Amino acid sequence: MIRRAVLHLTVLVFFTGAFAQTGAFAQEAPIRIQLLLPDFFDTPFAGDRSLIEVPERPISRMKIRLLKSAERSLSTGSINVWVNGAAISNIFDSRNVADGTELSMDPTTMGKRPDQLFDPRENALEVLATDTRGRKYYQSWILRTTGSHNPYFAYQGTISPDDPKGVPPDVLLTEPMAPPVLKAGQATARIVVKGTCSSENPSVAMKIGAQSLAIQSKSESFSQAVDIRRDMKELVIEATDRKQNRRTIVIPIVVQGGNAPKPHAAGGRYALVVGISNYGDAKGALPPLPQAAADAGTVARDLETKAGFRKDNIRLLRDESATRDSLRIGLNDFAAKAQADDLLVIYVAGRAVHDPQPGNNEKMYLAAYGTQMKAMDGTAVSFPDLEMWLTQSIRSNHTFVIFDVGHEVEGDWKFPGPSLVNNHLLSLFSEQKGRAVLTSGSAGEISLNRPDGESSFTYWLTRGLAGDADLNQDHVVTADELFRFVEEKVREESAGKQSPNFRLPSRNADQAVGEGSAAAK
């Protein structure tokens, strides 16, 4: 069987009728929402199909159909579409079809938006329709690229114009698993590149640096020795099939000492650290989350002892001290102390949830101490409010927001499908420079604990800050080193069940964030 990078599309329909505010009408047919991907398939996908695999290439055309929409008096203006929390209804044209309403996106309509809409790794697509009686119909999809990607390497797939439905060759590297390192005083080194190349269109011409080799079968192993030098910043691997579909992998080369770039160090260092294990005793409160408050304490301690933060520049909010108002004050007051050249870290361990109330499941909240199911707006932090508070308060151009909030809930709080909270949190600063976000997992994933009860994500985060993420051994942990280290270790420890995700602007990649006195100001 050919292995290849794919997009996973998880389709969730958690309500096929209406959340009736004026009563249900048995004679009305339920609204069904279908997704069509014309670039890949000829037939639509209904809500009973939870997983769709499509080749890894850009999405240029998409259709969304709302069946029986006329019977529910749905106008096109009452249908909203989001990708990663950003409204994109304006890139869809609408028309009536025989069985309902169809929204259509193509390269022409996508041109209405100058920004990049789809992330190459993961996207959350949501549709919300509201009828004239105020009843809501919601459906979401998770689009995920799940190839065998190493977090340290850069991957790109190119489709040949002569093969519009083609799939780039899939290259699975088994060696090296991390960027090769040239130690101080070492002019050259020889490494071995090993792996498997799979393609629907052999033969494949491969280039590994300056070395060339041919892959003749649909799936074939390879091994090639390559010399690297101090003046090389990267090693490029290309695999091109006979129809000119191409896969490119870029492996960075780490150089120690000598001409190695110096990590950027900000001015002062500030941290707002939040951990909520106990959500209070009020009726309808969220269930406890063991270890979250302890994890926050560990992070606060390690930021002081291993990352050079002054104790009075760290604000720790745990359990009863982490109410909605306390979080607002912490962001509006304390976090605002960090000026443009200062480093600001915001870490949150707790729960983020979809609103469990029928008809409001598209709303998402960061839970605070005292959060109650039937009073979410007043007791929890809505994602729009969180985004507003962060945007209005943060002055630092070196801001890192870290969330460990993807925890499973049961009972009345359980969301009937994969949670999208991590995906939405990743997009908090989508259009702002100098802002980075790291989440403990991808959409629909659950944050897992180690055998001792500690969060796997927090464990590797603190290990990375302590120096384990120092890939080039220059006694400074950069943001790029830390984020990629955490992603690799958590994914490895969870056997792929939990994959941290991040948005890291290039200007912040070499920001010094950890490792003892060398990182301290």
Side-chain angles (χ1 to χ4, degrees), residues 10 12 14 122 124 140 142 273-282 284-299 317-320 322-324 327 346-357 361 363-373 376 379-383 386 401-426 428 437-462 486-487 489-491 493-502:
T10 302
L12 164 68
F14 63 82
E122 179 174 286
S140 64
I142 301 171
V273 182
V274 179
I276 309 175
S277 290
N278 176 19
Y279 288 89
D281 300 324
L286 275 159
L289 182 62
Q291 197 61 35
D295 285 344
T298 299
V299 170
L317 301 176
R318 292 193 287 187
D319 292 341
E320 294 87 348
T323 63
R324 183 183 188 277
L327 295 175
I346 299 173
Y347 168 89
V348 180
R351 296 190 185 277
V353 294
H354 289 253
D355 191 326
Q357 292 299 300
N361 290 149
K363 297 180 180 180
M364 299 174 211
Y365 295 85
L366 179 64
Y369 178 83
T371 289
Q372 297 177 39
M373 183 184 299
M376 296 291 286
T379 59
V381 181
S382 71
F383 279 14
L386 178 61
V401 187
I402 302 170
F403 293 101
D404 187 2
V405 297
H407 303 281
E408 188 175 25
V409 291
E410 298 293 341
D412 294 339
W413 281 94
K414 186 173 180 60
F415 179 63
S419 170
L420 305 184
V421 296
N422 279 326
N423 185 283
H424 277 245
L425 291 170
L426 278 172
L428 285 177
V437 180
L438 170 65
T439 64
S440 59
S442 298
E445 294 182 346
I446 297 171
S447 293
L448 303 175
N449 291 335
R450 312 184 81 241
D452 60 1
E454 184 176 6
S455 161
S456 175
F457 175 77
T458 299
Y459 173 80
W460 290 111
L461 177 68
T462 55
V486 172
E487 179 186 354
K489 293 300 184 182
V490 173
R491 188 166 62 180
E493 186 169 73
S494 67
K497 294 180 180 179
Q498 180 181 347
S499 297
N501 210 343
F502 59 85

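Just so you know, these numbers use all the heavy atoms, side chains as well, and skip hydrogens, waters and symmetry mates. Quantities reported herein were computed from a predicted structural model and do not represent experimental measurements.
- Between M364 and L420 there is a side-chain heavy-atom pair separated by less than 4.5 Å.
- Not counting sequence neighbours, E454 has no partner by the salt bridge (charged side-chain N to carboxylate O under 4.0 Å, His left out) test.
- A search for side-chain contact (heavy atoms from CB on, under 4.5 Å) contacts involving Q357 returns D355, N360, M373, K374, not counting sequence neighbours.
- Judged by distance alone, the side chain of T439 and the main-chain N or O of P500 form no donor-acceptor pair under 3.5 Å.
- Every side-chain contact (heavy atoms from CB on, under 4.5 Å) that T379 has, sequence neighbours left out, goes to T371, Q372, A375.
- A donor-acceptor pair is defined here as one N or O able to donate and one able to accept, closer than 3.5 Å; no such pair exists between the side chain of Q498 and the backbone of S447.
- Residues forming a side-chain contact (heavy atoms from CB on, under 4.5 Å) with A285 (at least two apart in sequence, or on another chain): none.
- In this structure K414 satisfies the salt bridge (charged side-chain N to carboxylate O under 4.0 Å, His left out) test together with E408, sequence neighbours excluded.
- Looking at R324, its side chain does come within 3.5 Å of a backbone N or O of A380 through a donor-acceptor pair.
- The side-chain contact (heavy atoms from CB on, under 4.5 Å) check on N449 picks up S455, with sequence neighbours excluded.
- A heavy-atom distance below 4.5 Å is not found between the side chains of T462 and F457.
- Partner of Y369 under the side chain to side chain contact (heavy atoms under 4.5 Å, CB included) criterion, chosen from N278, L286, V274: N278.
- Shown here is D412, whose CG atom has no more than 12 heavy atoms of other residues, nucleotides or ligands within 6.0 Å.
- In this structure, the side chains of W413 and P287 come closer than 4.5 Å at one or more pairs of heavy atoms.
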